[in-house]
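First the structure, in the form of C-alpha cells, and then the observations on it.
Heavy atoms only: backbone and side chains are in, while hydrogens, waters and symmetry mates are out.
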Amino acid sequence: MKNYLIRHKESLLVALLGLVIVVALNIMMLHYHYQPWTNPKVGFWSAFWNRWEVSGFDPYTYIVVSKWRPLYVLSRHPLLAGMMWPLSELNGWLMEKTGVNCAIFIVGVLLVLLSLSAWMLMYRIQRRLLEMSAWMSLLLTLFFYSFSHVMLTIFVEDHMAMTLPLLLLSVYLAGKAIKRGKTMPLWQSLPLLFVSTGVTTTNCVKIGLSDIFTQWGRKSFGRIVVHFLVYLIPMSVIAGFYFYQEHTTQIEEKHNIERTVNKRMQRDSVFAVKWKKELADNERRKHEQLVQLSFVTNTDYKIDRLPSLVENVFGEGFILHNRYPLRDSNKNHRPVLVKYKYWWNYLLEGMIVVLFITGVFCGRKERLMWMVMSMFLFDMFLHVGLNFASADVYIMTAHWAFVIPVAVAYLIKKTMVSPKLNIAVVAAVIFLTIYMWVHNLQIIIPHIIR
C-alpha cells in the first residue's frame, strides 16, 4: 500500500484537489431550490421546470430521476432515458424509505463521479500525451475548468456532464495509440461509440474522427473501410433501441402529455390560448429550419455569425456576462446576444483566442492537435455554419473547448526555447485562469445560493 501511494502520489494529489472542487460545487448546487425539490407540493415537472434557470440547460435529468419519463429528445439522446432508469428506481426506493425526493442527491453523486473522471482525463492528456510537467498539467486543467460553461458541467445536470468525460476518454485513448504508433482497437472504440452516441447522437462523429486519426497512414484504405464498417454493429443496436422506444415509451409519453394538456385546457382558458399559440409557433419554426432533421433543431435564428462568435461561442462560453447572468434566452429572459459591461472582458477573450490560434500553429505538425481540431471544426460547422442551437450555443462549450488547453500546451512547449516568451505565455495562462475562476464564481454563486 505504501509503495502504491508513493508511486501514484502525484495522481492522488491531483485527484484530491479535483474532488474538493467538484464536491464543493455540487454541495453548493444542493441549495438551489432545496425545499421544493426534495419535498415538492406539485408534480415533479412543475416543481423543477418552473423554478429551473441556469443558462440554457434543462432540468430533465432531475425530473426523470424523480419519476421516470422518456423526456429527452430521442433522436438526439437515444439511450439517455434508459441510462437514467436505474437511478430513477433507486430514487423510488429511497422515497419509500425516507419520504424525501432524493433526485438531487443521486444526480449530485453522479456528477461528482463524471466530473472527477473528466478532471483526471484532462490532467492525463496533458501529463502523459503532451508530456507537460506536473504543475503545468495541473495549471492547464484548472485553465480548462475556469471556462464558465465547462465549470457549470461540474454541477449542472445536463447531458454535457456525461459527454465531456466520454469525449476526453476518446482523445486520451486515441492519443495513446498515436503516441505508440498503433491504431485504436475495436474493443475500445466500439463500446465508446455505443455509450457516447447513446448519450448524444453527434458524438459518433467525434469518436469516428478520433479513431480515424489513429488509422490514417497506418492501414490501407481498404482495411480502414472494413474497420469502420464494424461501426454498423453498435449503430444498428442503437437504431433498434430508437425504433423500439419510438413505438412504445414515446407513444405512451405523447398520450400522457395530451391527456394532461386537454384536462388543463378544459379548466384554464388562458392556458388553452397560450398552448395553441405555442403549437403554432413551433410549427412555424419547424418550417423555417435550415436543416430538416429532428436532431439538428433551432437552426433558424437570424443572427450574424461574427457577433455570435464574439458574445456567445468565445464570450459567454468562457467569461460570463454581468448582464442577464445565467438567464435563459429560450424563456425570453435574456437576449440572444448580450454585450459585456466592461471592455477588458473583450481583451481577455481576445487573449484566449490568440493563445488558441498560436497554439494550433505551434502544434500544426502533430496528429493529436489535428485530431482535436477536427472535433472543434465539426462543432463549429454545426453551431456557426448551421447556427444550430445559436440561441444558447455557449452551453455546448464542453463539447469542444478541450482543444484550447491542448493547443496552449503546444504553445508552451514551443516557447521553451525562449525563456522570456515562455514566462509571458505561462503568466498569461495563470492570469486568465485566476480571473475566470473568480469572475465566473462571483456570478454563479449568488445565482445558485439565493
Side chain to side chain donor-acceptor pair (under 3.5 Å): pairs with one or both residues in residues 172-193, sequence neighbours excluded: R128-Y172, E131-K179
Around atom CZ of F228, are there more than 12 heavy atoms of other residues, nucleotides or ligands at under 6.0 Å? yes
Assess the side chains of H149 and S55: does a donor N or O sit below 3.5 Å from an acceptor N or O? yes
With a 4.5 Å cut-off on side-chain heavy atoms, are R334 and H321 touching? yes
Test item: S88 and K67 side chains (from C-beta on) under 4.5 Å apart, heavy atoms: no
Will you find, in the side chains of T163 and T200, an N or O donor that is under 3.5 Å from an N or O acceptor? yes
For the residue pair F144 and F402, is the inter-centroid distance of their aromatic rings smaller than 6.0 Å? no
Partners passing salt bridge (charged side-chain N to carboxylate O under 4.0 Å, His left out) against R124 (at least two apart in sequence or in another chain): none
When you measure from the centre of the six-membered ring of Y324, is the NZ or CZ of R327 under 6.0 Å away and within 45° of the axis? no
Are more than 12 heavy atoms from other residues, nucleotides or ligands located less than 6.0 Å from atom CZ of R223? no
NZ (K413) with more than 12 external heavy atoms under 6.0 Å: yes
Plane angle bin for W52 and Y62 - parallel if under 30°, tilted between 30 and 60°, otherwise perpendicular: perpendicular
Side chain S418, main chain T415, donor-acceptor under 3.5 Å: no
Any donor-acceptor N or O pair under 3.5 Å, side chains Q250, Y242: no
Taking it one step at a time, do L130 and L368 satisfy side chain to side chain contact (heavy atoms under 4.5 Å, CB included)? CA-CA 9 Å; L130 297 169; L368 176 63; 3.7 Å; yes
Flag if over 12 foreign heavy atoms under 6.0 Å of CH2, W49: yes
Side-chain donor-acceptor pair under 3.5 Å between Y60 and D158, yes or no? no
Measure the spacing between CE of M369 and CZ of F213 and express it to the nearest 0.5 Å. 10.0 Å
Measure from the side-chain N and O atoms of E366 to the backbone N and O of G363, and report whether any donor-acceptor pair falls under 3.5 Å. no
Check whether any side-chain heavy atom of M375 sits under 4.5 Å from a side-chain heavy atom of S170, and report yes or no. yes
With a 4.5 Å cut-off on side-chain heavy atoms, are S390 and H383 touching? no
Contact check, side chains of V393 and V384, non-hydrogen atoms, under 4.5 Å: no
From S115 atom OG to F155 atom CZ, the distance as rounded to the nearest 0.5 Å: 9.5 Å
H33 versus F48: any side-chain heavy-atom pair under 4.5 Å? no
So do L377 and F381 actually touch side chain to side chain, heavy atoms under 4.5 Å? no
Check against side chain to side chain contact (heavy atoms under 4.5 Å, CB included), M436 and I352: CA-CA 11 Å; M436 286 190 288; I352 296 171; 3.8 Å; yes
For E246, is there an ion pair with K254 - N to carboxylate O distance below 4.0 angstrom? no
Please report whether the ring centroid of H159 lies less than 6.0 Å from that of H399. yes
Is the count of non-hydrogen atoms from other residues, nucleotides or ligands lying under 6.0 Å from F194 atom CZ greater than 12? yes
Using atom types as modelled and distance alone, determine if a side-chain donor or acceptor of Q245 lies under 3.5 Å from a backbone N or O of P78. yes
Would you give the length of the straight line joining atom CG of L186 to atom CG of L192, rounded to the nearest 0.5 angstrom? 12.0 Å
For the student: nearest non-hydrogen atoms of E349 and L309, plus distance: OE2-O, 3.9 Å
Min side-chain heavy-atom separation L164-M160 under 4.5 Å: no
Kindly state each residue pair satisfying ring pair (Phe, Tyr, Trp, His ring centres under 6.0 Å) with at least one member in residues 117-143, sequence neighbours excluded. W119-Y145, F143-F147
Taking the six-membered ring for Trp, are F314 and F376 parallel (under 30°), tilted (30 to 60°) or perpendicular (over 60°)? tilted
